[in-house]
Amino acid sequence: MNLNLNVIKFLQQYDNDPELRARVDQAEMMYPGSLEIRESVVEDVLIPIAEEMGLGFTLMDLYNYECRLKCERSRDVELTEEELNADDIEYHYWLVDKGWANDESCFRQNEEKGID
């Protein structure tokens with residue numbers, strides 16, 4: 001699975017730039033509370049803002065990145081004493097765990113994976 005590096009760059013800027021987060025949050029408020037419209041939120045809010053920044057990506061680019069990231073975060077690794085004593089970290093995903101994680105194509109063998 002190839003990753004669009006623009007997704008990574010955009011999300012890094014999102015994490016580090018309070019003004020960008022506020023802009024996205026304000027636009028996202030137009031779509032309150034429904035997990036069924038996460039695709040619309042991403043297509044109508046996140047992607048246009050990313051494109052304005054010259055960091056265009058698609059819905060599938062974001063989904064693929066989040067799947068890979070979630071997989072990496074959930075691997076069995078040895079934790080340090082500090083990490084064991086730290087509060088549980090809750091990760092934010094735009095699509096994964098919000099109705100998009102049940103991708104039946106992941107059970108197909110020898111076929112291209114991803115949402116149809």
Side-chain angles (χ1 to χ4, degrees):
M1 163 186 346
N2 292 329
L3 289 181
N4 182 333
L5 296 179
N6 284 346
V7 173
I8 298 167
K9 291 175 185 175
F10 176 78
L11 292 176
Q12 286 173 340
Q13 284 189 317
Y14 177 84
D15 288 341
N16 296 318
D17 184 347
E19 290 179 20
L20 176 59
R21 280 194 311 276
R23 181 176 174 204
V24 170
D25 289 346
Q26 184 177 15
E28 189 180 15
M29 287 184 345
M30 303 301 287
Y31 300 92
S34 178
L35 297 180
E36 292 81 28
I37 60 170
R38 291 308 290 179
E39 181 177 341
S40 295
V41 171
V42 171
E43 288 180 331
D44 294 341
V45 174
L46 212 60
I47 290 174
I49 291 173
E51 286 175 353
E52 286 176 22
M53 298 169 62
L55 298 171
F57 57 87
T58 68
L59 192 66
M60 284 308 302
D61 292 332
L62 177 61
Y63 175 76
N64 289 333
Y65 171 72
E66 287 186 345
C67 286
R68 180 176 281 183
L69 187 62
K70 184 173 182 179
C71 181
E72 289 173 5
R73 287 174 172 166
S74 58
R75 282 186 297 174
D76 288 335
V77 294
E78 254 185 70
L79 298 176
T80 66
E81 189 70 31
E82 184 177 297
E83 291 170 325
L84 287 171
N85 293 328
D87 293 332
D88 287 340
I89 298 171
E90 186 167 331
Y91 296 108
H92 174 78
Y93 299 100
W94 286 91
L95 299 171
V96 173
D97 294 338
K98 293 182 169 63
W100 278 67
N102 297 324
D103 178 9
E104 293 179 17
S105 69
C106 67
F107 301 108
R108 298 181 198 150
Q109 294 184 5
N110 301 323
E111 293 182 32
E112 188 172 327
K113 295 181 180 182
I115 295 182
D116 298 325

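Smallest separation of non-hydrogen atoms from Val45 and Val24: CG1-O, 3.9 Å. The two residues Gly56 and Glu51 make their nearest non-hydrogen contact at CA-CG, 3.8 Å. Across all non-hydrogen atoms, the minimal contact from Ile47 to Thr58 is CD1-C, 3.9 Å.
Atom CG of Leu55 is separated from atom CG of Leu46 by 11.0 Å, given to the nearest 0.5 angstrom. To the nearest 0.5 Å, the span separating CD on Glu39 from CG on Leu62 amounts to 11.0 Å.
Side-chain atoms of Glu66 come within 3.5 Å of backbone atoms of Leu95 as a donor-acceptor pair (strictly under, hydrogens ignored). With hydrogens and angles ignored, the 3.5 Å screen pairs a side-chain donor or acceptor of Asn64 with a backbone N or O of Met60.
Within 6.0 Å of CD on Glu52 lie more than 12 heavy atoms contributed by other residues, nucleotides or ligands.
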Full working for side-chain contact (heavy atoms from CB on, under 4.5 Å) between Ile49 and Phe10 | CA-CA 9 Å; Ile49 291 173; Phe10 176 78; 4.1 Å; yes
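Screening residues 5-21 for side chain to side chain donor-acceptor pair (under 3.5 Å) gives no qualifying pairs among residues at least two apart or on separate chains.
Between Leu11 and Tyr65 the shortest side-chain heavy-atom distance falls below 4.5 Å.
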